[in-house]
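Below is one structure, written out as structure tokens, with a few remarks after it.
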Amino acid sequence: MPELPEVEVVRQGLARGVVGRTVATVRVTRDRAVRRHGAGAEDFTARLTGRTLVSAERRGKYLWLPLDSGEALVGHLGMSGQLLVVPGAAPLPRHLHVRVGFDDGGRELRFVDQRTFGGLQVVEGGEPVPPLLAHVARDPLDPLFDDEAFVAALRRRRTGVKRALLDQTLVSGIGNIYADEALWRARLHGARPTELLTRPAVRRLLAHARDVLSEAVRQGGTSFDALYVSTEGVSGLFERSLNAYGREGQPCPRCGTPLRRESFMNRSSSSCPRCQPRPRSGR
DNA sequence: AGTGACGCCTGGGAGC
DNA sequence: TGCTCCCAGGCGTCAC
């Protein structure tokens, strides 16, 4: 499941593999993959063809490639999306939805997505950020992320701290995996009410989130299965560094207590019953 | 305005 | 063996 680290690894691959190149051909073989492009697949193709990709940017889990037209190719990987840079003659995988060829005849860009929660679209504006993505907060690895504004905003919320971490308008890039990991490191239960957390506690949580995200980037992200891979098709290695996510029933690496699993927000959370006690009343 | 529930998707695995 | 059900979950939309 691509979250910030996985998306960042893909962004780096796009920067190496497609930036500076000019689009020659676009083939959309599944309209759903470009459903966010309101004007349709033909318009998507027309706006991309002949354009040069200027750079590769990311905010949270969104990627975008500014074009020399002033527009930008925006991508989101959803649950299972892949952006691959491969030779055009490479075998065509199942769930291949979009192919972008370049005028230099080199490797092509492919969008592959099993569950099609992700997608591509061409939108106006790319620098510094497309207006479409204005609602997405900066992420903790963004040099302009405002720590104290985040601490204040989180404490103004009246919700559980895990919900807050997953709210992309408050802080972006964190999904279920890294939320569980950051909470484990901070020894906080996800249902702890945000308005009752002290400023130092929120600062510690943010520092842990930042740490786990950057460590995961260095490990190439987390790959549970073949659904997440880099643009080169390589799996990430961070799974072996997970302390909480997906480890229910196994001993807490800190205290040895078996980790618990709870259903929460229609998703599963795992945490340590001893290190992360459940609040008396929580969300 | 802030908060939270819902639906979109597919494949793999469990259970019968 | 083959069927059904459940689960993974990011995010836009909508109701309150």
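The sequence lines fix the lettering, A, B, ..., with proteins before strands; numbering per chain opens at 1. What you see is a predicted model; the values in this text were computed from it and never measured.
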Report the relative orientation of the aromatic rings in A:Phe111 and A:His97; use parallel for angles under 30°, tilted for 30 to 60°, perpendicular for over 60°. tilted
What class does the angle between the rings of A:Phe238 and A:Tyr178 fall in, given that below 30° is parallel, 30 to 60° is tilted and above 60° is perpendicular? tilted
How many whole angstroms separate atom [atom1] of [X] from atom [atom2] of [N]?
X: A:Arg158; N: C:dC16; atom1: CZ; atom2: P; value: 22 Å
X: A:Phe111; N: B:dC9; atom1: CZ; atom2: P; value: 14 Å
X: A:Leu4; N: C:dC11; atom1: CG; atom2: P; value: 11 Å

Can you tell me if the side-chain N/O atoms of [X] get under 4.0 Å from OP1 or OP2 in [N]?
X: A:Arg36; N: C:dC11; result: no
X: A:His76; N: C:dG12; result: no
X: A:Arg157; N: B:dT3; result: yes
X: A:Arg94; N: B:dG11; result: yes
X: A:Arg30; N: B:dT10; result: yes

Counting only side-chain heavy atoms from C-beta out, which of [options] sits nearest to [X]?
X: A:Thr159; options: C:dG12, B:dG4, C:dG10; value: B:dG4
X: A:Lys61; options: C:dC11, B:dC9, C:dG12; value: C:dC11
X: A:Arg163; options: C:dA8, B:dG11, B:dA5; value: B:dA5
X: A:Tyr62; options: B:dG11, B:dC9, C:dG12; value: C:dG12
X: A:Gln168; options: C:dG12, C:dC11, B:dC9; value: C:dC11
X: A:Arg261; options: C:dG10, C:dC7, B:dG11; value: C:dC7

Verdict with supporting geometry, A:Arg110 and A:Val86, side-chain contact (heavy atoms from CB on, under 4.5 Å): CA-CA 8 Å; A:Arg110 293 178 174 180; A:Val86 298; 3.5 Å; yes
Base, sugar-phosphate, or nothing for A:Ser80, non-hydrogen atoms under 4.0 angstrom? nothing
Heavy-atom closest contact (A:Glu57 atom, A:Arg11 atom, distance): C-CD, 3.7 Å
